[in-house]
Every structure is written in structure tokens, then in C-alpha cells.
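Every chain is numbered from 1 and lettered A, B, ... according to where its sequence line falls, protein lines coming before strand lines. Treat the numbers as computed from the prediction; the structure is a model and nothing was measured.
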There are 2 protein chains.
Amino acid sequence: MASLLEGQARPIRLADIAKAAGVSHGTASNVFSRPEIVRAEVRERVKAVAEQMGYAGPDPKGRLLRAGKVNAIGVATTEPLSYFFDDPFARVMMAGISEACDATGAGIALVSAANQEKLAWNIQSALVDGFILFCIEGGSRLVDLTRERRLPFVALELGFQDETVSAIGVDNVAGARLAARHLAELGHRRFAVLSLGFADNRTGFVTPEVVRSAVYTGTRDRLAGYFEELSGFGIDTAKIPVYETENEEKSTRAGLEAIFARADPPTAILAMSDRMALIAIDWLRARGLAVPGDVSIVGFDGVPDGALSTPPLTTIAQPITEIGRRAARMILDHDGAVRRETMGVEFVVRGSTGPAPKA
Amino acid sequence: MASLLEGQARPIRLADIAKAAGVSHGTASNVFSRPEIVRAEVRERVKAVAEQMGYAGPDPKGRLLRAGKVNAIGVATTEPLSYFFDDPFARVMMAGISEACDATGAGIALVSAANQEKLAWNIQSALVDGFILFCIEGGSRLVDLTRERRLPFVALELGFQDETVSAIGVDNVAGARLAARHLAELGHRRFAVLSLGFADNRTGFVTPEVVRSAVYTGTRDRLAGYFEELSGFGIDTAKIPVYETENEEKSTRAGLEAIFARADPPTAILAMSDRMALIAIDWLRARGLAVPGDVSIVGFDGVPDGALSTPPLTTIAQPITEIGRRAARMILDHDGAVRRETMGVEFVVRGSTGPAPKA
DNA sequence: CCTATTTTTTGAATCGATCCAAGTCATCCG
DNA sequence: CGGATGACTTGGATCGATTCAAAAAATAGG
């Protein structure tokens, strides 16, 4: 019966080598995984047989089951896979993760969960020892799904409150205050905020109601930081237009249109991401408004592109690489504990902010 | 004895669920993998037990062994992992690979082989269905190692000749000719070439001897393309300085120093990579030489940064994304055949080239 | 040459699932 | 009521390795 299948090129297994070399599979295994405990003569014979039969070496699939450890960490997001290579924030983060993985020889498995069903499947079937989650959007779904794998995981940019998951974030309130203070000290009094989401699938001007029922506390905290600081300068924050975007071109431009269509347009824009800030710079300049001459802008994140724009972007920089490194290490030397780390931010003054224009 | 270990939290297996629910492991398996063939009542009972016992779902490690397919493709290079996120060429390539993987729901495993021993191990133990190799450097070692896995693989940027491996490349000769012709037609007569490697670990001016014994035929072809075309314009190619770099900042700058230290410095530089071309632009401008006023430069590759430099770079663009897509598809629908594809290049005129300065 | 050690080798057990041929059971039909 | 049909279930085999206690072989010591 087996003879009928001959020539079917069934891959050679370790057991085949063992049989051909006349040793037990235990010994054959040792030849590859612990050669030093096998008598030299036997070792060479087995190796020769393996070579001659075209054995590819112990199949990691088999080894894995026994070993239990994959030696790779999964990085997941709800964006398409290309997000990891396109998005500047993600790239810097990945560089940090890469560094930690390189240091220990671990691999990186990229997992995308762009559409609902596949998301679940990809997370469920990823061969990894743990996950790093980019919770840029639809984060709660991602967290829930990952939790079911019962593997260690760390959430990054986790927008919402959930004390049961390990996470690394930044001090949003402090960062936002820094940004607001800078602009206020430059004399600005008319502000607008380009905001990240307070809940999924919403864009447009934000009402106090929306803020109160925010799902994403990260967004809420940044806004709170802005407002606290501005209030300290005697500015009526209730009058500040806050436009919620999806952190991409279209909704951000829509937000700018809406903001500048109002009476009394702002001289200063607080953007909750560098992405939006950079889009804003383009939009304003295309509209003939000088940055920072007519309008000043402060971003948030500290992506490298911000240094290259014209004018270069003043921003609140997260220690992105360091966050990536720590996240990877958290998975790599996981000890079962839930850890939450809040990193400090750094205020980077570049060229997109200047004194408020004389009224 | 087992009781001594109780509380050790050994992860729950499918078999445990089966036993607890009073069904066979076969049925328990079906509950998760083919729920429709299990009677509703039984299915719910098993699911309830699983839920209650905190079962994480079928472990992919176990499933993998039986299924045989990982559903992930490995991307390997001899650079550190961060290369994939830092290098513009790699990033565009990865975007193409990502696209193809997203379309079929496959994952991407990044494998780095920065140091000798780990290289071997990482390649040997990567859980993937096939490899895409970035042969930017030390490519032959990478190819040899990968061949031993006996998994499908495609080599990208394979510098050397080896008809036994699947590879996707570009028409180097044609691309180089385009670049050379453009400059010659602009009236340039004094050239220099910033060259990629002809063999490993060499930098410096290249002799005909080096070219003749080239390991990297890609480099040789590009040079041949330049020379063929320039000869057609009656230029004595034997007098053209060709400086071999390691395609990074240091050796490229060294090359420029050496080239411009010679009598009769060039008015046109043919760079075999955009990377070198961009470094050259910086170097020249820092030196007070106008680009393209005093010196014109043509790159090779077509990385997106080239469009953003000052002046923007004239270059020979490879269809990088498309190469990535094809490479991924080659692995994804692998049929056992060795395939070699040569893609066309596109000539992109931007601002780094202009008429030769009046003598 | 025999016993005590030490070095190697063996082969069963395990890792965690899926697959499938064979078996069970209830239902339907003539 | 016997047999055919259909719907689930069962449990052994398998995927490809590693591990480890015990057996076997080699070596040392007396």
C-alpha cells in the first residue's frame, strides 16, 4: 500500500533517518539537539545518512509542541499589515520592539485583524508567546479577543481604563498641559482642538455630553489637560471648538474646514496627534495661512516626520522607542503580573509655534 | 503525586474539557473546529464546560502539527530586525508583501540573522510556510541556510547568479543605461560611479580585475549598463572612477571624498542606489556644490524619500511594491517550480539632474 | 576475569490537537 | 418487526519531534 504512494515525496522525518541509520529515534534526536552526548562515530553516521536522504533537520513544528515556547512575540493591530511599515508612530515603536527582540534572539510575528472574522482567527491562531497590542482603534475588541488566548499581552496606546490589563502609556494630562501652556504663554487666546476619538465611529464637534461619556479615556485626559491649563490663563474653555477626527486625512481636513468656517477662527491649534498636526500644517498653508505667523500648532506623539515638515512641528514627544522596548521586554520576561507603566513625555519646541498675531 | 502539583496551573487541554464534559476528545475537538456536526445540546454543554474551566480554545501549537501549515510567511535578512522599519526600500517592499498577505489572511514573521550563529538558528526554527529573502548583503549565506529548510523561498535583490533559486529582480542593465543616457544627453562628459559591492567587505576604487571577478552580478550589470551607454556617446569609460561602498553613510562619504580629490572632478554621478545618491546630495551641498548646477546625480531604486529630498532625486525606479506582492504570492501559491522574474524599471526625472555646467 | 563505574543508547511517554473508519442509536419505511 | 437511513460519537492513529528512566555497552579498577 505504501508502495503505491512511493515517489510522493513525503518529507523525511527524524524517525526515517533513525531507522535508516539503525539507531533509535531518541539517539537520532540527540544527534541534532545535543550532539555532544552522542558517540562521535554514531553521530557522524547519522549525520551522513541525514545528509544523503536530504533531511531538512528537525521540523520546528514538531519541536514546538514539545518545547512549548515559540520564541516569537506577536504584534497585533486592527489596521492592515502595511500599517506597521507606513505609519511613522508604529515604525518607531516597532524599532524599539525590534531592539528588544534582537537582543534576546526572539522573532516578531505581525498580526493584522483588519476585518472582524479574520481578526479573531488571526489572533487565535498566531504562533507566539505573547502579544503586544496596538490599540489605536477598536482597542477594546482587540483586548477582549487577545485575553481569550490566555497568553501574556501588553496594550499600547490603550485609550480606555481597564486595570486588569498590562499596559504602557504616557502621562496624557501632563503632556497636554505642556502644550497648552506653551501656546498660552505665547499670547494665544483663541484655540481649537483637533481631537482623537472619544468613542468609535464618531467625527464632528464634540459636546460636553460626548466628553462625559467618553470610552477613550486617553482622549479625555488630553482634553482635560488642555482645558485645565487654559483655564488657568483665564480662558473660557467652553468656547473652544473641539473637533473629533479619525486621525486621518479626510476627517481632519473636514475638521479644519469646520473650525475655520466659524466666526473668530483660532490662532492656535492643539492637535492630539502629530498626524493631525501635520495635516493641519499642510491645510493651513494651502489656504494661505502662515504657520506659525497666523496660526500656531502643537502636535502630540513626537514622530520623526515632525522634525522634517515645513515648518518643523512643535510637539509633545512620547518616548516611543523606549515604550516599544519595554513592551517587548514585558512579554519576553513575563512573570504573570499585570503591569502598568506611565511614561513621561518631553516637550519639543520646533517651528510650528510662535507669538499670537497682533489682533 | 499529581496532587502535589495541584495549583501549578497547568494549562487546560482539550482532553480535559472532553473528560469533564463526558465526551470523547474527538467530539470535543469537533465542538471547536466543526461545530455544525455536533448535536446542539452536546455542543452547548461542552462549550459551557470549556468556558467554566477557563479553556483558551484549541492551542495552535497542537493544531499546527496536524495541519502542517503555519499560514505565515517569513521575511529574512542579515540586518537587525529594525531594518524592516527603518530602511525606505525595505519598507516599500514590506508594504507590497503585506498587501498580498492581507489578501489571503496570512501572517508575516520577521526573521533577523544579524549574527552568524543566531542566523542559522533563527532560519532553522522559524515557524513559516516559506521565506522571502532580502539579500541586500551576505546574500549567499542567507540563501544557503534557507535552502536547508527545504521550504519554498524567493530571493529579492539577489546580487549573484544562481539559476536554482527562485528570484525576482529588475533589469539592471536597462535601468543603468537609462540613467547614463539621460546624463550624457544633458551634455555631461565627466562621470563618477558610486557602486554597490562587487564582493563582500570591500570598499574603495574598483579595478577592472575586481569587476571581472565580481560575485555580485547585479552590481556588475549596472556598471555594464552605465559603461555600454556611455561608450555609445564616445566617452572613455576606462577613465571613469568607480567607487565601491557598503551602501551606507560612512563609505559613501569616503567615496565622495576620494572622487572629488582627483583631478578633473565629475559633473555627473551615477549612484547604484538612492541611498548613496541621497547621501551624495547632502555631501555635495555641504561642500558648496550645487545640485544639479555643478553636479548632477541619478539614483537607483525609486524609494519614496527620493521625492522629498532637496532637490528631489532623479532615479531609476524599481516597481518595489509590485515585487513585494509577487514575492509573497510566489510563496503563498507555491507550486514547487523555480521561478525567476525580471521586472522592468521606470525612469523618473526629478530635480537632481540638469545640463552639464559650461566648462 | 569479575565487579563497579561511567558513557551511550533505547524506547515508551508526552506535547495538544485533528482525522477518520467504525460503531451507536434513533427514526423511518414497507 | 426487520432493515435501511441518517445523524452523531467514539477512540485509535497520526502529525514530528523531545525527554527521561532504565537498559546496555564500554571502561576502569582490583
Of the nucleotides [options], which one has an atom closest to the side chain of [X]?
X	options	value
A:R39	C:dT18, D:dA17, C:dT8	C:dT8
A:N30	C:dA17, C:dT10, C:dA12	C:dT10
B:R34	C:dC19, C:dA12, D:dG16	C:dC19
B:P11	C:dA17, C:dG16, D:dT18	C:dG16

* To do: Take A:S33 and B:G22, find for each the nucleotide of DNA chain D with the closest heavy atom, and name the residue whose nucleotide sits nearer the 5' end.
  => B:G22
* To do: Assign each of B:S24 and B:L65 to its nearest nucleotide of DNA chain D by heavy atoms, then name whichever residue's nucleotide is nearer the 5' end.
  => B:S24
Would you say a side-chain N or O of [X] is under 4.0 Å from OP1 or OP2 of [N]?
X	N	value
A:R66	D:dG16	no
A:Y55	D:dA17	yes
B:R63	C:dT18	yes

* Plane angle bin for B:F85 and A:F85 - parallel if under 30°, tilted between 30 and 60°, otherwise perpendicular -> parallel
Separation of [X] atom [atom1] from [N] atom [atom2], in whole Å?
X	N	atom1	atom2	value
B:H25	D:dG12	NE2	P	8 Å
B:K69	D:dC15	NZ	C1'	17 Å
B:E41	C:dC25	CD	C1'	14 Å
A:K19	D:dA17	NZ	P	14 Å
B:Q124	D:dA17	CD	C1'	15 Å
B:F32	C:dA17	CZ	P	9 Å
B:K61	D:dG16	NZ	P	19 Å
A:I12	D:dA17	CD1	P	10 Å

* To do: Answer with base, sugar-phosphate or nothing: what part of the nucleic acid does A:T27 contact at a heavy-atom distance below 4.0 Å?
  => base
* Asked: When you look at CD of A:E51, are more than 12 heavy atoms from neighbouring residues, nucleotides or ligands closer to it than 6.0 Å?
  -> no
* Where the side chain of A:D144 meets the backbone of A:R141, is there a donor-acceptor pair that is under 3.5 Å apart? -> no
* To do: Using modelled atom types only, decide if a donor and an acceptor are shared between the side chain of B:N30 and the backbone of B:P35 within a distance under 3.5 Å.
  => no
* Do the ring centers of A:F84 and A:F134 come within less than 6.0 Å of each other? -> yes
